[in-house]
Amino acid sequence: MSGNGYDFNKILSQRAQNLEASPTFALEKKIDAFDLKLKKEGQFVIRFGIGQPDFNTPENIKDAAKTAIDENKTKYTASTGIRELKSAILEKFRKENDLEYELENIFAGNGAKQVLDVIIRTFINKEDIVLVPVPYWVSYTQQVILSEGKPVFVKCNKDLKIDLNDLEKICIKYGKKIKLIILNSPNNPSGAVYNKSELEAIGKICLKYGIFIISDEVYEKFIYGDVRHYSIASFSEELKEITIIVNAVSKTYSMTGWRIGYCAAAREIINQMAKIQDQASSNPCTPAQWAAVEALAGSQESVNVMKNEYEKRRNYIFQRLCSIKNIKCNLPGGAFYIFPDISGLFNNEIKNSFDFADQLLEKDFVAVVPGAAFGDDRFIRISYAASMNNIKEGIDRFENFCKRIS
Ligand code: PMP
Ligand code: GLU
């Protein structure tokens with residue numbers, strides 16, 4: 001019973017009460033409070049927690065939003081976005097992903113997260129199954145639960161990519177109850193990037209069992225060395241029909257707060273999604289849509305600058321982590337995360353990834369996300385969307401911490 005006399009446990013829905021808070025956002029809150037306290041003591045937290053570019057939004061994109069505001073482009077638009085944005089998205093898919101769509105195949109929403117939620121609501125009836133390969137981005141499972149669906153986890157292999165034998169076994173076990181699988185390459189949290197033959201093998205299984213594919217490609221621009229990004233939808237007409245590609249300007253153009261994400265899919269899917277958007281949200285912020293037009297259609301110079309910087313950081317951090325005793329680590333092919341296996345350091349006091357992340361924050365003031373939040377307790381996630389100075393200092397602290405608990 002609360003102080004004002006209402007029993008909110010009874011009043012509020014089970015749906016809301018059973019939902020887990022986003023661990024990435026919860027961690028940010030905790031770090032903010034801790035950092036405030038530390039600053040008074042002349043110390044500070046090195047933040048490798050939430051995944052968000054540390055660059056400013058490029059000037060040409062900010063200017064486009066300012067112009068839109070000055071031109072009073074500040075009213076409602078179609079719920080699924082303005083024609084100019086959809087055209088820029090179409091063109092992006094044509095030029096960069098070898099995919100032809102019509103305007104009717106495009107949907108723009110309030111960030112990739114909200115677009116994913118609408119897609120899942122559009123597909124999922126009570127108890128329908130969504131396959132979620134481990135490790136997974138934090139919101140997938142909770143969005144499925146919010147739609148009263150059932151997430152079923154697919155195991156990964158040593159490269160932290162889908163174990164095809166496990167996928168096939170699960171398909172045989174659950175059959176027609178499976179509606180969707182969520183692919184994410186480049187992957188958050190592991191940084192793994194699927195190659196063409198791996199995606200083709202997954203596509204073959206999905207076609208065989210009639211499973212639609214959500215392909216979350218928000219990190220597609222951040223791939224390193226000779227790694228290439230493939231969109232599974234581009235391999236055949238059949239795969240295009242069953243794939244919903246999700247992307248956003250959030251990561252690519254350092255626009256996380258602008259909240260513009262988008263997807264491409266069969267028009268029947270988009271039509272149903274549009275009704276949900278009409279009733280639940282209306283259009284994404286109008287000036288932000290105009291900024292996104294400039295992001296997608298204007299100069300791409302800033303993307304290369306960010307990518308080159310991330311690649312330098314990835315190389316540095318990988319080499320440092322590999323030299324620390326009892327830490328195992330794959331070289332991430334993309335995104336801006338590295339996902340070391342820290343289970344070799346577990347002891348009587350540090351029994352899991354939550355203990356590890358807690359102690360690292362409290363003792364050495366470094367924030368990371370526990371692997372358990374992504375479905376695998378052996379790991380922690382380090383976001384290297386941080387300055388090189390902070391990365392150097394943070395990894396020094398991390399190394400000291402690991403030495404002390406070894
Ligand atoms: N998918 C993945 C894999 C992510 O890491 C994130 C977080 N940025 C999102 C979707 C959501 O992106 P947005 O900020 O555009 O909602
Ligand atoms: N996607 C980012 C992350 O994984 C941002 C936080 C979130 O959207 O949950 O840290």
Side-chain angles (χ1 to χ4, degrees), residues 19-32 47-55 57 81 85 89 107-120 130 132-144 146 160 181-194 214-223 229 231 244-263 281 284-285 288-289 291-292 295-296 306 310 332-339 357 367-375 379-386:
L19 197 69
E20 286 174 17
S22 161
T24 43
F25 284 113
L27 179 68
E28 279 305 287
K29 249 200 247 169
K30 182 172 157 185
I31 303 169
D32 284 344
R47 292 168 178 255
F48 295 147
I50 200 159
Q52 120 151 297
D54 55 313
F55 301 98
T57 302
L85 178 54
I89 294 168
F107 175 105
N110 303 282
K113 189 182 274 187
Q114 197 253 343
V115 173
L116 282 160
D117 185 48
V118 178
I119 297 166
I120 292 168
V130 179
V132 182
V134 177
Y136 48 79
W137 177 52
V138 295
S139 290
Y140 297 150
T141 49
Q142 293 304 308
Q143 289 188 344
V144 172
L146 203 53
L160 302 180
I181 183 166
I182 308 182
L183 301 185
N184 174 216
S185 175
N187 184 268
N188 177 4
S190 71
V193 180
Y194 286 74
I214 296 180
S215 180
D216 180 341
E217 302 179 12
V218 298
Y219 297 100
E220 75 162 318
K221 293 291 177 175
F222 302 132
I223 46 172
H229 169 78
S231 181
I244 304 102
I245 303 182
V246 176
N247 211 321
V249 295
S250 312
K251 301 289 152 69
T252 308
Y253 304 97
S254 197
M255 293 175 71
T256 45
W258 298 71
R259 311 309 303 135
I260 301 289
Y262 57 89
C263 75
S281 143
C285 169
Q289 290 191 64
L296 291 164
M306 291 190 265
Y310 289 140
F336 40 63
Y337 306 106
I338 192 158
F339 200 51
V368 298
V369 186
F374 309 97
F379 297 86
I380 50 150
R381 188 191 77 177
I382 295 175
S383 163
Y384 52 87

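Both counts, for ligands and for their atoms, begin at 1 and track the order of listing.
Nearest non-hydrogen protein atom to atom 7 (C) of ligand 1 is K251 NZ, 2.9 Å. Atom 1 (N) of ligand 1 has D216 OD2, 2.6 Å as its closest protein atom, hydrogens excluded (heavy atom only). Shortest contact from atom 14 (O) of ligand 1 to any protein heavy atom: R259 NH1, 3.0 Å. Nearest to atom 2 (C) of ligand 2 among the protein's heavy atoms is G51 O, 3.4 Å. Among protein heavy atoms, the minimum distance from atom 9 (C) of ligand 1 is reached at W137 CH2, 3.4 Å. Looking only at protein heavy atoms, the nearest one to atom 15 (O) of ligand 1 is S250 OG, 2.6 Å.
At a 4.0 Å heavy-atom cut-off, ligand 2 touches Y337 through the side chain alone. The backbone and the side chain of A112 each have at least one atom closer than 4.0 Å to an atom of ligand 1 (non-hydrogen atoms only). Residue-level proximity to ligand 2 for N188 is carried by the side chain, the only part with a heavy atom below 4.0 angstrom. Neither the backbone nor the side chain of Q52 has a heavy atom within less than 4.0 Å of ligand 1. Contacts with ligand 1 closer than 4.0 Å are made by no heavy atom of Q114, backbone or side chain. When non-hydrogen atoms are compared, ligand 1 lies under 4.0 Å from the side chain of N184 (C-beta onward) but not from its backbone.
At least one heavy atom of S22 sits less than 4.0 Å from an atom of ligand 2. Y140 counts as a contact of ligand 1, since one of its heavy atoms falls under 4.0 Å from the ligand. Heavy-atom distances between Q52 and ligand 2 stay at or above 4.0 Å for every pair.
Ring pair Y219/Y337 is perpendicular by interplanar angle, where above 60° counts as perpendicular and below 30° as parallel. Ring geometry for F336 against Y384 counts as perpendicular: the plane angle is over 60°, on a 0 to 90° scale with 30° as the lower cut.
For ligand 2, the atoms sitting less than 4.0 Å from at least one non-hydrogen atom of I50 are 5 (C), 6 (C), 10 (O), numbered in the order shown with element in parentheses. Distances below 4.0 Å separate heavy atoms of G111 from the following atoms of ligand 1: 15 (O), 16 (O). Atoms of ligand 1 lying under 4.0 Å from at least one heavy atom of N188, given by number and element, are 3 (C), 4 (C), 5 (O). Using a 4.0 Å cut-off to heavy atoms of R381, the atoms of ligand 2 that qualify are 3 (C), 4 (O), 10 (O). When each atom of ligand 2 is checked for a heavy atom of K113 under 4.0 Å away, the hits are 7 (C), 8 (O), 9 (O). Atoms of ligand 1 lying under 4.0 Å from any heavy atom of A248, numbered from 1 in the order shown and given with element: 15 (O). Against a heavy-atom cut-off of under 4.0 Å, F25 is close to the following atoms of ligand 2: 7 (C), 8 (O), 9 (O). Atoms of ligand 2 lying under 4.0 Å from at least one heavy atom of K251, given by number and element, are 1 (N), 2 (C).
A salt bridge does not link D216 to K113: none of the charged nitrogens lies less than 4.0 Å from a carboxylate oxygen.
Considering backbone and side-chain atoms alike, S139 places every N or O at 3.5 Å or more from each N or O of ligand 2. Any N or O atom pair closer than 3.5 Å counts here, and Y219 shares at least one such pair with ligand 1.
In this structure a side-chain-to-backbone donor-acceptor pair under 3.5 Å is present from R381 to G49. Distance alone, capped at 3.5 Å, is enough to place a donor-acceptor pair between the Q142 side chain and the E20 backbone.
Closest approach of E217 to N247, counting heavy atoms only: O-ND2, 3.3 Å. Taking each heavy atom of I182 and P133 in turn, the nearest pair found is O-CD, 3.1 Å.
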